[in-house]
Amino acid sequence: MDVRLNAWVRGRVQGVGFRWWTRATALELGLVGSASNRPDGRVEVVAEGPREKCEQLLQALRSGEAPGHVESVGEQWSEARGGLTGFVER
């Protein structure tokens, strides 16, 4: 069963290629969703797919391998809603 991961990434994550890196990582994992800059400086990541793959994305966001500097990642899990295609940067 697919799930939805909402993650909010805090740190120096805007203007450093973070959304592009997140998109590439999510596509490698076969996930759909988006990575969006928020007005407060965070990046919001929405991903849907198998829970195992979403957990791998979350682990990657926290790994220190992403561009910029991640201070913290908040997460929220729910049932997949569907209707998403591809993985886009906003």
Practice prompt. Check step by step if side-chain contact (heavy atoms from CB on, under 4.5 Å) holds for V32 and T85.
Written response: CA-CA 6 Å; V32 296; T85 55; 5.8 Å; no
Worksheet item: So, R62 and E75, do they make that salt bridge, N to O below 4.0 Å?
Response: yes
Worksheet entry | Salt bridge R10-E71, side-chain N to carboxylate O under 4.0 Å | no
Measuring from [X]:[atom1] to [Y]:[atom2], what's the distance to the nearest 0.5 Å?
{"X": "L29", "Y": "E52", "atom1": "CG", "atom2": "CD", "value": "9.5 Å"}
{"X": "S72", "Y": "L61", "atom1": "OG", "atom2": "CG", "value": "11.5 Å"}
{"X": "R42", "Y": "N37", "atom1": "CZ", "atom2": "CG", "value": "12.0 Å"}

Search all heavy atoms of [X] against all heavy atoms of [Y] and return the closest pair with its distance.
{"X": "F87", "Y": "V46", "value": "CE1-O, 3.5 Å"}
{"X": "V73", "Y": "A7", "value": "CG1-CB, 4.1 Å"}
{"X": "L84", "Y": "G33", "value": "CD1-CA, 4.0 Å"}
{"X": "G17", "Y": "P67", "value": "O-CG, 3.6 Å"}
{"X": "V13", "Y": "F18", "value": "O-CB, 3.2 Å"}

Discussion item. Taking the six-membered ring of W77 as reference, does the cationic atom of R51 (NZ for Lys, CZ for Arg) lie under 6.0 Å from its centre and within 45° of its axis?
Written reply: yes
Quick one: does any side-chain atom of [X] pair with a main-chain N or O of [Y] as donor and acceptor, under 3.5 Å?
{"X": "S34", "Y": "S36", "answer": "no"}
{"X": "Q14", "Y": "R38", "answer": "yes"}
{"X": "E44", "Y": "N6", "answer": "no"}
{"X": "R19", "Y": "R90", "answer": "yes"}

Worksheet entry | side-chain contact (heavy atoms from CB on, under 4.5 Å) assessment of R4 paired with E79 | CA-CA 6 Å; R4 173 178 281 223; E79 290 182 18; over 6 Å; no
Worksheet item: Can you find a heavy atom in the side chain of P50 that is under 4.5 Å from one in the side chain of D2?
Response: yes
Fill in: The single option from T25, L57, V45 passing side-chain contact (heavy atoms from CB on, under 4.5 Å) against L31
L57
Worksheet item: With hydrophobic residues grouped by side-chain heavy-atom distances under 4.5 Å, do W21 and L5 end up in a single group?
Response: yes
Discussion item. Test of understanding: clusters of I, L, V, M, F, W, Y form through side-chain heavy atoms closer than 4.5 Å, transitively. Do W8 and V43 belong to the same one?
Written reply: no
